[in-house]
Amino acid sequence: MGIRVLKGGMMTTVQDLGRTGYQSQGFSVSGVMDVRSFKIANLLLDNPENEAVLEFTLIGPTLEFTSETIISITGGDFRPQINGKPAKMYTAIYMHRGDILTFGGARTGTRGYIAFSSYLDVPVVMGSRSTNIKCQIGGFKGRKLEDEDYISFRAKRRYLPYYLSRSLDLDEFDQEKITLRVVMGPQEKMFTKEGRETFLNSEYTVTSEFDRMGCRLEGPFIAYKTTSDIISDGIAFGSVQVPSHGKPIILLADRQTTGGYAKIATVVSVDIPKLVQRKTEQKVRFQAVSVEEAQKLLADEMKELNDFRSQIYTPCKEVLDCRLVAKRISTLFK
């Protein structure tokens, strides 16, 4: 009862929200890169908010289902197919025993997510099911999925209320240029006024040096006053480091726990999904916002997710039409 991995894809791992509370001991948080897509995938299935999913990058896996379950697919549009026929994204999909799920090239985005109503049976390590590949812990044997791997399910959960309503009309990443909102600091004063203006008023290009650890950008030099070196301190998800070469590096899910380069800003959490779904050579710009604005953006996103939940709990048009017809028939025979 589970899934057989026929093809592992380029980088397919088990992830949740990450392994928090252990950075002081040198363990990266890990977890999903695109938290928004992750949360929507679980929301569509009424899963716990932190239930583990499969995250894949650039090339999706090929999976064979050995038992019935319900799945949802979110993130970039990798044109999923079930048994050779197109499958909808951002929709609850009933999978039968023997069904084969495949993916094509990404139309939009670079990362996709698969959630399962029956829950992946992988161990909890230090409070998380996330894969930390460098430490070889968590997820499935502490590594990315490979051909012929098999992951069991933990539950037989094959029914969801309002099943036909569990679909959202979203196309999240079909943009060539994006603006990332940032909170300046904590070391922005180590950069010259001109350097800070360069950072906020220039266009940067996503390079091929882009993985779960970080994203290196190419663009104008960001001038610092004397040096960009600091005494190493902690690194948050979305920290924008500027080493001596003057080009920004945005640190992501598998980032190191501490770093010795000045951080000019931090990308607000709601905008990190836009970054991690960028392709090489796509452009980004930066816009400074206050901490209060960043908090409001997060609150707005939480409200939007609650609105999505209300939407999928509302009977769809087909169900409402059937109810209306049934009511008219019962009236006729009274």
[X] to [Y] - nearest heavy-atom pair and separation:
{"X": "Thr69", "Y": "Ser118", "result": "OG1-OG, 2.8 Å"}
{"X": "Thr110", "Y": "Val276", "result": "OG1-O, 3.0 Å"}
{"X": "Ile250", "Y": "Leu217", "result": "CD1-CD1, 4.0 Å"}
{"X": "Arg158", "Y": "Ser67", "result": "NH2-CB, 4.2 Å"}
{"X": "Glu51", "Y": "Leu120", "result": "OE2-N, 4.1 Å"}
{"X": "Ile235", "Y": "Gly259", "result": "CD1-N, 3.4 Å"}

Taking 4.0 angstrom as the limit, do [X] and [Y] come out as a salt bridge?
{"X": "Glu68", "Y": "Arg97", "value": "no"}
{"X": "Asp46", "Y": "Arg166", "value": "yes"}
{"X": "Lys247", "Y": "Glu209", "value": "no"}
{"X": "Asp34", "Y": "Arg111", "value": "no"}
{"X": "Lys303", "Y": "Asp300", "value": "no"}

Inset, instruction - Go through the structure and list residues passing side chain to side chain contact (heavy atoms under 4.5 Å, CB included) with Thr258, not counting sequence neighbours. - result: Ser232

Inset, instruction - List the steps and the verdict of salt bridge (Lys or Arg N to Asp or Glu O under 4.0 Å) for Glu203 and Lys177. - result: CA-CA 9 Å; Glu203 187 172 78; Lys177 298 181 181 180; 3.6 Å; yes

With a 4.5 Å heavy-atom cut-off, do [X] and [Y] have their side chains touching?
{"X": "Leu252", "Y": "Met33", "result": "yes"}
{"X": "Ile230", "Y": "Lys263", "result": "yes"}
{"X": "Val29", "Y": "Arg255", "result": "yes"}
{"X": "Ile40", "Y": "Leu170", "result": "yes"}
{"X": "Tyr150", "Y": "Ile3", "result": "no"}
{"X": "Arg278", "Y": "Val284", "result": "yes"}
{"X": "Cys215", "Y": "Leu275", "result": "yes"}
{"X": "Met89", "Y": "Pro80", "result": "yes"}

Between [X] and [Y], is there a donor-acceptor pair closer than 3.5 Å when you use the side chain of the first and the backbone of the second?
{"X": "Ser28", "Y": "Ser30", "value": "no"}
{"X": "Arg19", "Y": "Gly127", "value": "no"}
{"X": "Ser310", "Y": "Asn306", "value": "yes"}
{"X": "Glu293", "Y": "Ser290", "value": "yes"}
{"X": "Asn83", "Y": "Asp99", "value": "no"}
{"X": "Thr192", "Y": "Tyr224", "value": "no"}
{"X": "Ser165", "Y": "Tyr313", "value": "no"}
{"X": "Thr257", "Y": "Gly26", "value": "no"}
{"X": "Thr227", "Y": "Asp229", "value": "yes"}

Inset, instruction - Would you please indicate if the ring centroids of Phe153 and Tyr119 are separated by under 6.0 Å? - result: no

Inset, instruction - Hey, could you give me each pair passing ring-ring contact (aromatic ring centres under 6.0 Å, His included) that has a residue in residues 68-105? Not counting sequence neighbours. - result: Phe56-Phe78, Phe56-Phe103, Tyr94-His96

Legend entry - Pairs satisfying ring-ring contact (aromatic ring centres under 6.0 Å, His included), at least one member in residues 233-277, at least two apart: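 Residue pairs with at least one partner in residues 233-277: there are none.
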
Hey, quick one: are [X] and [Y] part of the same hydrophobic cluster, counting side-chain heavy atoms closer than 4.5 Å, chains of contacts allowed?
{"X": "Ile93", "Y": "Phe38", "answer": "no"}
{"X": "Phe65", "Y": "Leu44", "answer": "yes"}
{"X": "Ile73", "Y": "Val53", "answer": "no"}
{"X": "Val182", "Y": "Ile178", "answer": "yes"}
{"X": "Val242", "Y": "Val267", "answer": "yes"}

Inset, instruction - Output all residues satisfying side-chain hydrogen bond (donor to acceptor under 3.5 Å, both in side chains) with Glu197, sequence neighbours left out; order by chain, then residue number. - result: none

Let me confirm one number: the [atom1]-[atom2] distance from [X] to [Y], rounded to the nearest 0.5 Å.
{"X": "Asn42", "Y": "Asp16", "atom1": "CG", "atom2": "CG", "value": "9.5 Å"}
{"X": "Thr74", "Y": "Glu55", "atom1": "OG1", "atom2": "CD", "value": "10.0 Å"}
{"X": "Arg212", "Y": "Asp254", "atom1": "CZ", "atom2": "CG", "value": "4.0 Å"}
{"X": "Tyr22", "Y": "Asn132", "atom1": "OH", "atom2": "CG", "value": "13.0 Å"}
{"X": "Lys283", "Y": "Tyr204", "atom1": "NZ", "atom2": "OH", "value": "12.5 Å"}
{"X": "Met184", "Y": "Lys189", "atom1": "CE", "atom2": "NZ", "value": "11.5 Å"}

Inset, instruction - Give the intermediate values and the outcome of side chain to side chain donor-acceptor pair (under 3.5 Å) for residues Gln311 and Thr314. - result: CA-CA 5 Å; Gln311 182 178 329; Thr314 301; over 6 Å; no

Inset, instruction - List the steps, then state whether side chain to side chain donor-acceptor pair (under 3.5 Å) holds for Arg157 with Asn47. - result: CA-CA 10 Å; Arg157 190 162 166 264; Asn47 284 352; 2.8 Å; yes

Inset, instruction - Not counting sequence neighbours, which residues clear ring-ring contact (aromatic ring centres under 6.0 Å, His included) with Phe191? List them please. - result: none

Are there more than 12 heavy atoms of other residues, nucleotides or ligands under 6.0 Å from atom [atom1] of [X]?
{"X": "Asp307", "atom1": "CG", "answer": "yes"}
{"X": "Lys156", "atom1": "NZ", "answer": "no"}
{"X": "Glu49", "atom1": "CD", "answer": "no"}

Inset, instruction - Supply the members, apart from Val270, of the Ile/Leu/Val/Met/Phe/Trp/Tyr cluster built from side-chain contacts under 4.5 Å; use none for a lone residue. - result: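 Besides Val270, the cluster holds Val183, Val268, Val289, Val291, Leu297, Leu298, Met302.
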
Inset, instruction - Would you please say whether a donor-acceptor pair under 3.5 Å links the side chains of Ser167 and Thr91? - result: yes

Legend entry - Distance-only side-chain donor-acceptor flag, Ser130 / Gln15, under 3.5 Å: yes

Inset, instruction - Take Arg107 and Asp77 through the salt bridge (Lys or Arg N to Asp or Glu O under 4.0 Å) test and state the conclusion after the steps. - result: CA-CA 5 Å; Arg107 186 185 69 81; Asp77 182 3; 2.9 Å; yes

Inset, instruction - Identify which one of Arg4, Lys144, Arg143 satisfies the side chain to side chain donor-acceptor pair (under 3.5 Å) criterion when paired with Asp149. - result: Arg143

